[in-house]
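By convention in this document, chain letters (A, B, ...) are assigned in the order of the sequence lines, proteins followed by strands, and residues within each chain are numbered from 1.
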Number of protein chains: 2
Amino acid sequence: MGDFLKDCLYFTTNRLSRVITKMADEEFATTGFSPMYGYLLLLVIRDPGSTQKKLADQLDIAPSTLTRFIEKLEGKGLVNRTAQGKSVLVYPTENGKALEEEIRMASKRLHNRYEQILGKETAGFLSKELVRSSDQLEE
Amino acid sequence: MGDFLKDCLYFTTNRLSRVITKMADEEFATTGFSPMYGYLLLLVIRDPGSTQKKLADQLDIAPSTLTRFIEKLEGKGLVNRTAQGKSVLVYPTENGKALEEEIRMASKRLHNRYEQILGKETAGFLSKELVRSSDQLEE
DNA sequence: TATATTTAGTTGTACATACAAATGAATCGA
DNA sequence: TCGATTCATTTGTATGTACAACTAAATATA
């Protein structure tokens, strides 16, 4: 009995995920796309010529998901793809690079917003715990 | 620079969410539906005649999402809906009630699985922190 | 070298979830 | 009591995400 929901990591994690995704969507609204795309673009800018596999690993998403993200960014003219054997290398376009500052600012706003509510300490600690747990659960 | 991803609560939360959702889907596979439906059915069994609003609040999902979930459970013959003024009351059917044990076992398996990896203490602590943070971020 | 296996990416499809707009019931203020 | 507002739900539509099946390239094995 009691509350089986509050005890279930599946539920509690997904709940926070919904809450913070909403927040992130709001702060990233000025960029014209959602936070995952923003972070993906930052990765591509930081490391031009990354393979899709590498990007998917860094973001910890399925390859098919990454394909879809890259397609969309390419459609918006923010990245280019060039096939290289069985791999695909991804590069930012000038338009893509021009967005870096905007994305970093959105990211900063998001951080400030949740840190102001949770406390900088707590937020940092929580992130670290989440990374650690994800790492462990993925073996 | 450094790793902006590991520091971002949006990203770290969503990552854990993907990891644990996969795990939960595996453990709930025997029930024939996904974990959220299982928990929803448990809520309805525990409190027959709940309004959809109440259920959506307990699960912390949008009302429209709840409508969709209930539709699906109704389609599988696990719950009934009766309109009551502007509200809708939800009741479990016999078939629905018959699934309670199965769902509880799936939930138990999920708990055991992640507790074995993270440690019971850590898992419990993490859940509590996530609830607290979600509560705070939602005001 | 020829075949088998592995690896990277894409495509079709499905699902959880949300928001905005619409509907219909209940309540409140004049 | 009537019109305005609020509230619960539904519906249309969109998005992030995954898996399974497929293709094509690379590597390993015989």
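Extent of DNA chain C lying under 4.0 Å from chain A heavy atoms, first and last nucleotide in 5' to 3' order, is C/dT7 to C/dC19.
D/dT17 atom C1' lies 11 Å from atom OH of B/Tyr10, rounded to whole Å. Between the CD1 atom of A/Ile61 and the P atom of D/dG16 there is a distance of 11 Å, given to the nearest Å. Rounded to whole angstrom, the span from the CZ atom of A/Phe28 across to the C1' atom of D/dT15 amounts to 16 Å.
In this structure, the side chain of A/Arg15 does not engage the main chain of B/Asp60 through any donor-acceptor pair within 3.5 Å. With hydrogens and angles ignored, the 3.5 Å screen pairs no side-chain donor or acceptor of B/Ser127 with any backbone N or O of B/Gly124. Put simply, the side chain of B/Thr67 gets close to the backbone of B/Pro63: a donor and an acceptor are under 3.5 Å apart.
With respect to A/Glu100 and A/Lys97, no salt bridge is recorded, no charged nitrogen being found less than 4.0 Å from a carboxylate O. A salt bridge links B/Lys54 to B/Asp47: at least one charged side-chain nitrogen sits closer than 4.0 Å to a carboxylate oxygen.
Hydrophobic cluster membership is shared by B/Val90 and A/Leu5, with clusters built from Ile, Leu, Val, Met, Phe, Trp and Tyr side chains linked at under 4.5 angstrom. Put simply, A/Leu126 and B/Val131 are part of two different groups of oily side chains (I, L, V, M, F, W, Y) that touch within less than 4.5 Å, one to the next.
A centroid separation of 6.0 Å or more is found between the aromatic rings of B/Tyr39 and B/Phe69.
For the segment residues 15-22 of chain A, the set of residues with a heavy atom within less than 4.0 Å of an atom of DNA chain C comprises A/Arg18, A/Lys22, in numerical order.
Contact annotation: the side chain of A/Leu137 never approaches that of B/Arg113 to less than 4.5 Å [non-hydrogen atoms, C-beta and beyond].
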Which nucleotides of nucleotides 7-14 of chain D have their base under 4.0 Å from a protein heavy atom (B), which only their sugar-phosphate (S), and which neither (-), written as one string 5' to 3'? BSBBBBB-
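In summary, the side chains of A/Asn14 and B/Ser17 do present a donor paired with an acceptor at a separation below 3.5 Å, with no hydrogens or angles considered.
Place A/Ala62 and A/Gly85 on DNA chain D by their nearest nucleotides, and A/Ala62 ends up nearer the 5' end.
Across all strands shown, B/Phe33 has no heavy atoms under 4.0 Å from either base or sugar-phosphate atoms.
Checking each of B/Asn80, B/Val44, B/Val79 against B/Leu73 for a side-chain contact (heavy atoms from CB on, under 4.5 Å) leaves exactly one that passes, namely B/Val79.
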